[in-house]
Colleague: 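Here it is, the structure in full.
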Amino acid sequence: MFSNSAFKIFEESIDKYHVLDDVSQSFSNPYDKDSIEHLLYRKNWIDTVQWHYEDIIRDPEIEPSAALVLKRKIDASNQDRTDLVEFIDSYFLKKYQSVEIKEDATINTESPAWAIDRLSILALKIYHMQEEANRTDASPSHIEKCSAKLQVLLEQKKDLSTAIDQLLADIETGKKYMKVYKQMKMYNDEELNPILRGQK
């Protein structure tokens with residue numbers, strides 16, 4: 001199933017990041033640049049780095065100037081994330097472009113790539129909740145709460161994976177059809193953000 005393969009790639013990316021556990025480390029993609037695996041690995045790496053950006057920026061002792069630099073990095077990361085989701089959707093649009101859509105076909109509330117985006121984030125939640133559940137320096141109460149949360153996340157993984165695979169199967173057989181809208185984010189656009197436009 002696609003979701004199982006994707007989740008394994010997400011785990012691979014997360015494990016690779018945590019070898020150094022450094023947001024400034026260099027990135028290397030082990031998959032062929034024209035493959036869906038390449039896009040999935042890159043997508044999760046962006047999510048993983050941003051996860052840690054979000055941790056760092058919440059440090060109450062962070063210098064304002066450093067926080068501003070980091071906020072800019074988070075903004076850029078969000079744009080990269082959106083771009084990758086759209087690239088992944090383009091892959092599916094091309095893959096299923098010849099499918100004959102049934103007359104009673106319906107559209108889904110989200111595209112396959114945005115569902116996969118949620119699976120990537122879920123992989124990160126599972127990794128870090130597992131870390132918390134395995135801590136030896138935490139209280140029994142903390143371990144118990146995190147273990148319970150981990151079970152919920154694992155159940156969510158099962159449900160989301162099933163939903164993704166079912167959506168792809170329905171698109172492949174024409175029961176559902178893809179209609180993708182660009183996110184059209186405005187805050188990074190010099191023509192659409194009035195603050196940036198005023199500085200030109």
Side-chain angles (χ1 to χ4, degrees), residues 1-18 27-51 54 77-131 133 146-185:
M1 290 295 190
F2 182 88
S3 65
N4 185 52
S5 298
F7 199 86
K8 287 180 179 177
I9 291 171
F10 298 155
E11 289 181 314
E12 181 184 355
S13 163
I14 293 167
D15 287 343
K16 177 65 175 178
Y17 172 88
H18 285 95
F27 170 71
S28 176
N29 197 319
Y31 294 99
D32 183 86
K33 65 182 181 64
D34 295 322
S35 68
I36 183 60
E37 292 82 7
H38 182 96
L39 293 176
L40 294 172
Y41 190 92
R42 174 64 178 156
K43 169 70 179 65
N44 181 265
W45 188 273
I46 291 170
D47 295 337
T48 303
V49 172
Q50 185 164 336
W51 178 286
E54 298 285 2
S77 179
N78 274 324
Q79 188 64 60
D80 288 344
R81 171 185 171 230
T82 299
D83 291 345
L84 258 294
V85 170
E86 291 177 354
F87 285 141
I88 293 169
D89 264 337
S90 294
Y91 164 84
F92 287 116
L93 282 168
K94 183 176 181 181
K95 180 177 181 179
Y96 298 125
Q97 64 184 347
S98 300
V99 170
E100 184 175 342
I101 300 172
K102 299 181 184 301
E103 287 187 9
D104 60 348
T106 58
I107 193 168
N108 207 51
T109 58
E110 65 182 354
S111 69
W114 280 111
I116 291 163
D117 170 75
R118 292 198 289 130
L119 189 65
S120 175
I121 302 300
L122 189 57
L124 280 159
K125 290 181 179 180
I126 289 171
Y127 179 92
H128 288 97
M129 195 62 72
Q130 183 74 68
E131 272 193 330
C146 291
S147 296
K149 289 178 180 179
L150 177 61
Q151 293 309 306
V152 174
L153 291 172
L154 291 172
E155 183 177 358
Q156 187 178 358
K157 175 201 169 191
K158 180 180 177 182
D159 290 343
L160 180 56
S161 297
T162 299
I164 290 170
D165 291 334
Q166 185 61 64
L167 173 60
L168 293 176
D170 286 346
I171 293 172
E172 189 170 359
T173 57
K175 293 179 181 178
K176 287 188 179 290
Y177 64 94
M178 285 184 66
K179 192 173 182 180
V180 174
Y181 292 94
K182 298 294 184 181
Q183 289 299 299
M184 301 185 196
K185 291 187 179 293

Colleague: If you take all heavy atoms of Asp165 and Ser3, which pair is closest and at what distance?
Modeller: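 So the two residues come closest at OD2-OG, 2.7 Å.
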Colleague: What pairs with Tyr31 under side-chain hydrogen bond (donor to acceptor under 3.5 Å, both in side chains), at least two apart in sequence or on another chain?
Modeller: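 Result, side-chain hydrogen bond (donor to acceptor under 3.5 Å, both in side chains) vs Tyr31: Glu12.
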Colleague: Ring-plane angle category for Tyr127 and His18, please: parallel below 30°, perpendicular beyond 60°, tilted otherwise.
Modeller: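 Answer is parallel, since the angle falls under 30°.
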Colleague: Please answer whether the main-chain N or O of Ile116 pairs with a side-chain N or O of Ser120 as donor and acceptor at a distance below 3.5 Å.
Modeller: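 Side chain of Ser120 to backbone of Ile116: no pair is present.
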Colleague: Could you give me the CA-CA distance, side-chain angles and deciding distance for Leu154 and Lys158, then say whether side-chain contact (heavy atoms from CB on, under 4.5 Å) is met?
Modeller: CA-CA 6 Å; Leu154 291 172; Lys158 180 180 177 182; over 6 Å; no
Colleague: Check whether any side-chain heavy atom of Val99 sits under 4.5 Å from a side-chain heavy atom of Tyr177, and report yes or no.
Modeller: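 Side-chain contact under 4.5 Å: no.
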Colleague: What pairs meet the salt bridge (Lys or Arg N to Asp or Glu O under 4.0 Å) rule with one or both residues in residues 88-109, with sequence neighbours excluded?
Modeller: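 Matches after skipping sequence neighbours: none remain.
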Colleague: Kindly indicate, with the supporting measurements, whether the criterion side-chain contact (heavy atoms from CB on, under 4.5 Å) is fulfilled by Trp51 and Lys125.
Modeller: CA-CA 10 Å; Trp51 178 286; Lys125 290 181 179 180; 3.9 Å; yes
Colleague: Would you give the length of the straight line joining atom CG of Asn44 to atom CG of Asp117, rounded to the nearest 0.5 angstrom?
Modeller: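 So the CG of Asn44 and the CG of Asp117 are separated by 10.0 Å.
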Colleague: Please give me the minimum heavy-atom distance between Val180 and Ser111, naming the atom from each residue.
Modeller: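 Answer, listing the atom of Val180 first, then Ser111: CG2-CB, 4.5 Å.
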Colleague: Identify the two heavy atoms, one from Ser147 and one from Ala133, that lie closest to each other, and give their separation to 0.1 Å.
Modeller: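 Shortest heavy-atom contact: OG-CB, 3.7 Å.
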Colleague: Who passes ring-ring contact (aromatic ring centres under 6.0 Å, His included) against His38, sequence neighbours left out?
Modeller: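 By the ring-ring contact (aromatic ring centres under 6.0 Å, His included) rule, His38 matches no residue at all.
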Colleague: Checking Asn78 against Gln50 for the side-chain contact (heavy atoms from CB on, under 4.5 Å) test, could you report, in this order, the C-alpha distance in whole Å, the side-chain angles of both residues, the deciding distance, and whether it holds?
Modeller: CA-CA 8 Å; Asn78 274 324; Gln50 185 164 336; 2.9 Å; yes
Colleague: May I have the step-by-step check of side-chain contact (heavy atoms from CB on, under 4.5 Å) for Ile36 and Leu39, ending in yes or no?
Modeller: CA-CA 5 Å; Ile36 183 60; Leu39 293 176; 4.2 Å; yes
Colleague: What is the distance from atom CG of Asn108 to atom CH2 of Trp114, rounded to the nearest 0.5 Å?
Modeller: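 Asn108 atom CG to Trp114 atom CH2 measures 14.5 Å (nearest 0.5 Å).
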Colleague: Is it the case that atom CZ in Phe87 sees more than 12 heavy atoms from other parts of the structure closer than 6.0 Å?
Modeller: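 12 or below, so no.
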Colleague: Are Asn29 and Trp45 side-chain neighbours, meaning at least one heavy-atom pair lies under 4.5 Å?
Modeller: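 A side-chain contact under 4.5 Å is absent here.
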Colleague: Supply the atom-to-atom distance Glu54 CD to Asp47 CG, rounded to the nearest 0.5 angstrom.
Modeller: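 Atom-to-atom, Glu54:CD and Asp47:CG are 11.0 Å apart.
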Colleague: Quick check against the 3.5 Å criterion: does Ser13 have a side-chain atom that pairs as donor or acceptor with the backbone of Ile9?
Modeller: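 It does not hold such a pair.
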Colleague: What I'd like to find out is whether the side chain of Tyr91 reaches to under 4.5 Å of the side chain of Leu40, using heavy atoms alone.
Modeller: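 A side-chain contact is absent here, since even the closest heavy-atom pair is not under 4.5 Å.
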Colleague: Looking at every non-hydrogen atom in both residues, tell me the closest pair between Glu110 and Ala115 and how far apart they are.
Modeller: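 Closest approach of Glu110 to Ala115, heavy atoms only: OE2-CB, 3.4 Å.
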Colleague: Indicate yes or no: at least one non-hydrogen side-chain atom of Thr162 is less than 4.5 angstrom from one of Asp159.
Modeller: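 When only atoms from C-beta onward are counted, Asp159 and Thr162 do not touch, as no gap falls below 4.5 Å.
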Colleague: Working to the nearest 0.5 Å, report the span between CG of Leu119 and CD of Gln156.
Modeller: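 One finds 9.5 Å between CG of Leu119 and CD of Gln156.
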Colleague: What are the two closest non-hydrogen atoms of Ser28 and Tyr41, and how far apart are they?
Modeller: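 That closest heavy-atom pairing would be O-CE2, 3.6 Å.
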Colleague: Would you call Glu131 and His128 a side-chain contact if the rule is heavy atoms closer than 4.5 Å?
Modeller: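 Contact flag for Glu131/His128 side chains = yes.
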Colleague: Would you compute the distance between atom CG of Leu122 and atom CZ of Phe7 and round it to the nearest 0.5 angstrom?
Modeller: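 Those atoms lie 6.0 Å apart.
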Colleague: Quick check for you: to the nearest 0.5 Å, what is the distance between Met1 atom CE and Gln166 atom CD?
Modeller: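 Nearest 0.5 Å value for the CE-CD distance: 8.5 Å.
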